[in-house]
Amino acid sequence: MSADSALETITARVRSPFEGPNTTGNSNAFWTAFVLAVVGLFLVPAVSPGHVSDLTLFMSYAFLALSLCFIWGYCGILSFGQVAFFGVAGYTFGIVGINVGAETGALLGVVAALFVATLFAAALGYFMFYGGVRDVYVTIMTLVVALVLNTFMGQTAGSEWAIGDARLGGFNGMVGAPNRAIGTGSVAIDMTGDGLYYVVLALLIATYLGLRALVNSRFGYAMVATREDEDRTAMFGYNTKFIKLAVFTFGGTLAGLSGVLFMFWSPGGYINPDVFGITAAAMPVIWASIGGRTSLLGTTTAAVALQYLDQRLAASGSEYALVVIGALLLFVILVMPAGVAPYAERAVDWIRDGVSAKLRGDPESENENAPSNSEVTK
Amino acid sequence: MDPYQLLNLLFQFLDSFAVIVLAAVGLAIIFGMMGIINLAHGEFILVGAYATVLSYHRIGLPLVVAMLVGVAITTVYGVVLERLIVRHLYDRLLDSMVATWGISLIMIQGVRILWGNSLDGVGTPFGSVSYGPYSYSTYRLVLAGIAVGVLIGLYVLFARTDFGMRARATIQDKETARSMGVDTDRMYLSTFAIGSALAGLTGALYAPTRSVGPEFGQEYVVEAFVTVVVGGASVIVGTSMAGGLLALVKSGATNQWGQFIGLAAMLVTAIVAIRLMPDGITGLLEDWRRARRESE
Amino acid sequence: MSMLAVDGLAVSYGNTPVLRGIDVAVEEGEIVGIVGKNGVGKTTLIKAVMGLLEADAGTVRFRGETVTNPDRYRFEGTPIGPLAASVRQSGLAETSAGGVVDKLVGPAPDVPANGRATRGIGYIPQGRDVFPDLSVEENLRMGETINAADDDPLYDVVYDYFPILEERATQDAGTLSGGQQQMLAIGRALVGNPDLLLLDEPSEGIQPSIVQQITADLTRINDELGITILFVEQNLQVIQNLATRCYAIDKGTIVDELGPVDLSSRETLAEYLAV
Amino acid sequence: MSVHDSTIKTTAAVDETGAGTNRILQTRGLVKRFGGLTAIDDVDFAVEEGEMRCLIGPNGAGKSTFLKLITGRHAPSDGSVYYDGADITDLDSYERVDQGISIKFQVPSIYPELTVRQNLRVPLQRVASRSEYDERTEATLEQFDLLEEIDTVAANLSHGQQQRLEIGMAMTLEPDLMLLDEPVAGLSIEETEEIAELLVELNDEGVAFVVIEHDIDFVASIADRVTVLHQGEIFTEGSIEDVRADPEVKRIYLGESGEADAEERAGPEADH
Amino acid sequence: MSDRRLSRRRALATGLSGVGLALAGCLAEEGDGNGGNGDGGNGETTGTTGGDDAPKIAVLEDRSGNFALNGTAKWQASLLAVEEINADGGVLGEEIEVYDPDPQSDNQRYVELTQEAIVDEEVDALWAGYSSATREAIRPTVNQHDQLYFYTTQYEGGVCDETTFAVGATARQQLGAVVPYLIEEYGPRIYTVAADYNFGQLSGDWVRILAEEHDAEVVDEEYIPLDVSDFGSTINNIQGEDPDFIMSMLVGESHTAFYEQRANTGLDIPIGSSTTMAQGYEHRRLDPPALTDMYVGVNYMEEITGERNEDFVDRFYEEWPDAEYLNQEAQNNYFSVYMWKEAVERAGTFDQEAVIEELEAGIEVEAPEGDIELDPATHHMTHHMRVGHADENHEVTFSEEQYIEPSFLHEVGCDLTEESEQTQYEPGEYYDEA
């Protein structure tokens, strides 16, 4: 009994930074399921090698989804142009990688890509938030930025559009970023196949947990408060412009990371201006809306699930594939306005209540499953 | 620059102005009055174009009649969609974007399934005006006239009629408007119908100038959104001023440095305009108006 | 026949009941107040009478016509089996073959807020809520529809009461001061010559001098135009100066009815305002 | 400006109050124009440390605007704001909060979708460490009689509870100067009395207040001094008794004679 | 590759043989029903012959999105070829399965589906993509797996890749047919209007090279972003220059508006092109006289005369009665499927390396456009090039055929039989004029 409670204290302590009212899933049951899911994902290459490549790609997109969830769901900034940072990072990775070459090129490429994406987001964020651009205007402005990049990169076909050895390639895209391995000197990590899969998966889990900790931290509260009421929050002494800038900038970094991981997946290190297009730009918004924009896990899952579904429908060759996707979006928005996550959570609660009702007489287990709001903030 | 080239510039400006205004005005009404961002706006234009071309070719109606049919069908289509879907999205700005994106996907592919990848073209009427070595499509100049006419018509509708007054009251305070006897539900429906009709008109008018296929509407979307945002809250003033500004930049830059620079210049202007005028041109005008009132 | 009769009105927000069966009757020509402290449901009552909130139960009758009737919801889908034929004959409902109520034919369905306005109820919301970007004149024109008898709009009367509105006719209503906006809100409801005026806290946020003035104006409107008034108020002075009769409301129910004698007693009133 | 405005100027007693040593807040020549409207016109105003000052005046007199100039929500068109002797005119809102100014807005401005606990956490985490959160949250809620509602979503609180919560949140920051915009609007008499007691208690602890309020009885129950604002200018300043007794104030604002306010009817601006 | 096949097809098409008719009907049905899952129904029939090793090809062509207009016919013609082959006994006695998802004109989707085709479906040959951007998007994947890949669109040229067979006509072949012809007919002053991306810019380079070779001059050139559809300023610019003819390498639906606007403005300067009519059948879709005096260099159009082509067209429309047009690329898909079959049969195996070896040994095809030949060194085709001309009623006539080799890659020294490469050469690197 005492060993049990000691164990409980330890798990509670381990869990506590990741929990709080700003995230859903703050119970033992959730974490058990989470650990099982992670274990399941680690087993995929062994169990179902056919899904590794697709899952790698979709999980790379998940960082883009997380970036939007972070800035939109938690700070109220709806960027319709997160792909701008994705694409800028991808191109930067390619340009640096091609010029430096090999594993070192990939390493420098990653560093440079994240740096440039972050800087770009910071510059754009400063331009917008310190200039009083708000709400839906932020949304449209970010979209226009992505479209400008789309237009611009599309016409860089000529040989004059080269940075060092890297030809931008216009509409046809840029090819040849070294993406098979990353490292320096004699140390290199294989970034193909299963190797890449594990890298992306580990990063995704780390990012997810990191964001959970972040949104439940002091800064997380400041973000949420800014989302809820910017003026009020400023009157508690928070520099809300800076908070938005910081959030947007970090969102840019995450989107950039997504772009970099995409480049590692992309066969031949290929990228083209479609990444800035309006279709690409809409995808993260759709993931977040469907998954539930205030749920990190919901958005991530929606990104992977929707990309998978989308691809399967396309692979079926049916002419109704896009009709089905469109209808699904409509259905979710009309029937589940806050996205699937809150409903999923409610369904889980309902099932759990049913189970704990059956287990009645065992107060221990009931206690454990009780809504953990109060337990969390302690 | 010789006078002929000035005339070129003027015509190109009018041409851009017409495209931008006609593409944007329906969207502006729906966005400005109802807080719905209709990402399927391009597909409303598509409906107008398809209805026009199909009734012209398959039924054999005269072009003008076919265009009216196009407008009518788009209006009906808008009304049906409003009843079924859009009215659940009022006051849900961002959700409306995702839902209408879904509508857009369904419509583009639906049109493709129903009528294939392309419709037969309808020739552009009227021929051209010649001046010196140059000529310009008369029809496209007529479109500029129609664009101005639409703006004036809307101004009259919204500023001078009881309907317009009620519509504006509904936007400002829906609940109070209802308690003043306004059937706000019907008001929203009418507004959406007007927005749809204007989108249909755009489709009908441009069907003879472009190749009509399922992606027809997509060509207008970017310009429409940029214009609406640069224009700001007031539909008519905002759309015409933003249309004027963007058309000037686009046609001027295109004339001087080619199509790519023209397109890029327009987008960059939009970004700068939003940054300098977070409430759009209308917001800026509002400040001027207040300042003038002060000096009186 | 009462001008306004509210019977057993119940309204809730989500699962939280706010009104739990309110009975109120207002006779023609009366000025009736609803008093009670904050959060007891006064505004909810006014809005439900106006039709801006949906009632869960009970009815609102205006000049004898039932404008709200939540009961109609209860019968749809109800199996009535052998009674089906007689129900159908009664003309109250359509029934399907299985003896299930498909559609209620009568009594009349809910009249929405705009329908109640056109039947002659003028509404002056809490916080005035003039249309800020409409001109003063347009704001008044918006009120023309509150007109059961299709009389000519009472611009002369309104401008006589509130001359400032005529002076500012072309100005945007949003540029008026708070007191002027309150005058506009009253003028707007008045212009269509309504039978009943509903006022929601006319004194809130208005400086005391203007409050007194508006109180006097309302008395005049009632006196000269014979318009019945039902108002919600927390300001003790306004209640005393304006009301001929009062209902005290607490926790969603009517707890007392106050006649002139009670109203003259500051203590009795204060009790209900600060229960 | 009309004739009687000049008489107002003579009755105004802006800098002749004699106080001058411990001013926590002072404005000099403060002007705010919105387009054509001059909302605040050359206002010199000062509050002593630990003072309880009430600001009254007709609607549209510029009271809320004035508060927003002090908090930095609006930038003044002209003039300066001093806090604790330092010029804070160019500081951002949040920087002024760090100096010790706190505000409660006119419309209850809480975070409606967050629980009471989460609401309090926002200001709390600026001044307390994680381990103190629960203790201090409960202490504050105890003080503001909201302990039972600790896990209620703020939108579901009653109006009075929301008002109290907002004051509680503002007080959490332990300000030296607290600005309250209509703290008892829409409250019952009982609640109003409670708030009055609370403010007096906090004031006794040394917090200076600037309170905008219409409820003259409430003002009388708390104020050390009262400033009357009219048409963007300081009309008069003094004890509540003096102000109440001032016939001009009665005429423009209190209106106890019950006579019509001719000026308001004709419009306050002099251009008619 | 023999007359035997063609005669059998003719029998099916005309319904002379009762058995053949029944078979054809059955196949057509299956083809229709299988639009969505090409491997579904066939899986069982081939199960008896080859089990999991049944030969399979991937046909990734767009049936939705931007390029559906071009891609649909490519997909239809590929399936037609496969069905004919299967009806005729298959390849090496085995029926061919088809993996044919719809990439929806999305390059990212192409990459995913190409991977799936190669890794999961283990296809023996791949046909994929309309635009050169698509080709470039999937070529790394193709190269990574040494996948035999047929790219069938007419394109800018220059791809020299060991496993890729670019069987469409190149810019040099098309423009080489039409530019000299127009210089001869109308004069030496050329105005180039082209899509502002790789294809357009390289084609513009080729116009300049060809102009130089024929003592003509490009007086100005304009590159138009793909989503531009208002050409007022472009038309004014052309009028200002008053060239002898215009070379248009405009691409996509937006650009089609240029022709409408040209006609409406009364700009009657003739136009040469490598992109109109043969792919997007503008002469059918646009209202005459939009394409008056449009000259296009093509290796195939539905309208070319000759019994072999008429027969092909009949079979195509019998299989796909709702098809909109049988374009140049569709023909390329069609003949290249037969070309692959021939190579497989010569190799006696589906093994891709062996098949490529056979292809590189030189192969001749009786294509609907005429008898053509694969150039082993460059993996390109020697095509029958024609200049198609549309009159004011959009009636198309063809000038005399020329047999043009893919010479550019020879000039740059691409010889895949000698040296493995995976590059794309550009004219700018070899010609001063470009």
Side-chain angles (χ1 to χ4, degrees), chain A residues 72 76 78 80 124 126-152 154-156 278-279 281-283 285-290 293 310 318-339, chain B residues 31 35 37 39-40 42-43 84-89 92-110 112-114 214 218 221-223 225-226 228-230 232 258-280 283:
Chain A
W72 182 22
L78 172 51
F80 215 108
L124 180 60
Y126 182 81
F127 182 75
M128 292 192 303
F129 302 128
Y130 281 76
V133 179
R134 297 179 310 270
D135 308 331
V136 72
Y137 297 97
V138 169
T139 306
I140 306 274
M141 190 140 168
T142 45
L143 175 61
V144 174
V145 166
L147 293 177
V148 168
L149 286 168
N150 181 247
T151 309
F152 174 75
Q155 59 85 53
T156 55
I278 194 165
T279 308
M283 291 319 293
V285 181
I286 288 169
W287 299 329
S289 298
I290 300 270
R293 63 173 177 271
D310 200 10
S318 163
E319 58 183 352
Y320 291 97
L322 292 170
V323 177
V324 171
I325 291 285
L328 183 74
L329 293 184
L330 264 183
F331 177 80
V332 172
I333 292 301
L334 292 178
V335 178
M336 295 182 263
Chain B
F31 173 57
I37 292 196
L39 283 179
E43 281 57 57
L84 289 179
I85 295 166
V86 175
R87 68 195 187 119
H88 303 291
L89 300 170
R92 289 166 62 191
L93 185 81
L94 302 171
D95 286 349
S96 75
M97 289 173 79
V98 179
T100 50
W101 176 266
I103 294 175
S104 159
L105 285 181
I106 295 173
M107 285 179 66
I108 293 176
Q109 189 61 16
R112 194 185 303 282
I113 291 169
L114 288 174
Q218 296 286 303
V221 169
V222 171
E223 277 162 356
F225 277 95
V226 165
V228 167
V229 173
V230 172
Q259 297 265 21
F260 166 68
I261 303 286
L263 200 61
M266 184 183 76
L267 294 175
V268 171
T269 304
I271 293 177
V272 173
I274 296 170
R275 169 64 169 75
L276 295 180
M277 304 176 283
D279 295 318

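All chains are named by letter (A, B, ...) in the order of the sequence lines, taking the proteins before the strands, and each is independently numbered beginning at 1. Reckoned from all heavy atoms, side chains included, excluding hydrogens, waters and symmetry mates.
Using a 4.5 Å cut-off between heavy atoms, B:I271 touches chain A through backbone and side chain atoms alike. Of the two parts of A:S289, only the side chain, counted from C-beta on, holds a non-hydrogen atom closer than 4.5 Å to a non-hydrogen atom of chain B. Heavy atoms of B:L89 lying under 4.5 Å from chain A belong exclusively to its side chain. Interface residue A:I333: backbone and side-chain heavy atoms are both found under 4.5 Å from chain B. For A:Q155, the part lying under 4.5 angstrom from a heavy atom of chain B is the side chain only. Within the 4.5 angstrom heavy-atom criterion, only side-chain atoms of B:V226, from C-beta onward, approach chain A. For A:L322, the parts lying under 4.5 angstrom from a heavy atom of chain B are both the backbone and the side chain. With a 4.5 angstrom heavy-atom cutoff, A:F80 touches chain B only via side-chain atoms. Of the two parts of A:V145, the backbone and the side chain both hold a non-hydrogen atom closer than 4.5 Å to a non-hydrogen atom of chain B. Neither the backbone nor the side chain of B:I108 comes within contact range of chain A, judged by heavy atoms closer than 4.5 Å.
Nearest heavy atoms, B:M97 versus A:T139: CE-CG2, 3.8 Å. Contact record, A:L329 with B:W101: CD1-CD1, 3.6 Å, taken as the closest heavy-atom pair. B:A99 approaches A:L330 most closely through the heavy-atom pair O-CD2, 3.6 Å. Counting all heavy atoms, side chain and backbone alike, A:V144 lies closest to B:L267 at CG1-O, 3.8 Å. When all heavy atoms of A:V133 and B:R275 are compared, the pair lying nearest together is CG2-CA, 3.9 Å.
Taking A:F127, A:F152, A:F331, A:W72 one by one and counting their heavy-atom pairs under 4.5 Å with chain B, the maximum is reached by A:F127. Ranked by non-hydrogen atom pairs under 4.5 Å with chain A, the options B:I106, B:T100, B:L105, B:V268 are led by B:I106. Interface summary for chain B: among A:G132, A:G326, A:A321, A:G154, the most heavy-atom pairs under 4.5 angstrom belong to A:G326.
At a threshold of 4.5 Å between non-hydrogen side-chain atoms, the residues A:L143 and B:F225 do not count as touching.
Every residue two or more places apart in sequence or in another chain that forms a side-chain contact (heavy atoms from CB on, under 4.5 Å) with B:V229 is listed here: A:Y137, A:I140, B:I274.
Each of A:T151, A:N150, A:L147 was compared with B:V222 under the side-chain contact (heavy atoms from CB on, under 4.5 Å) criterion, and only A:L147 meets it.
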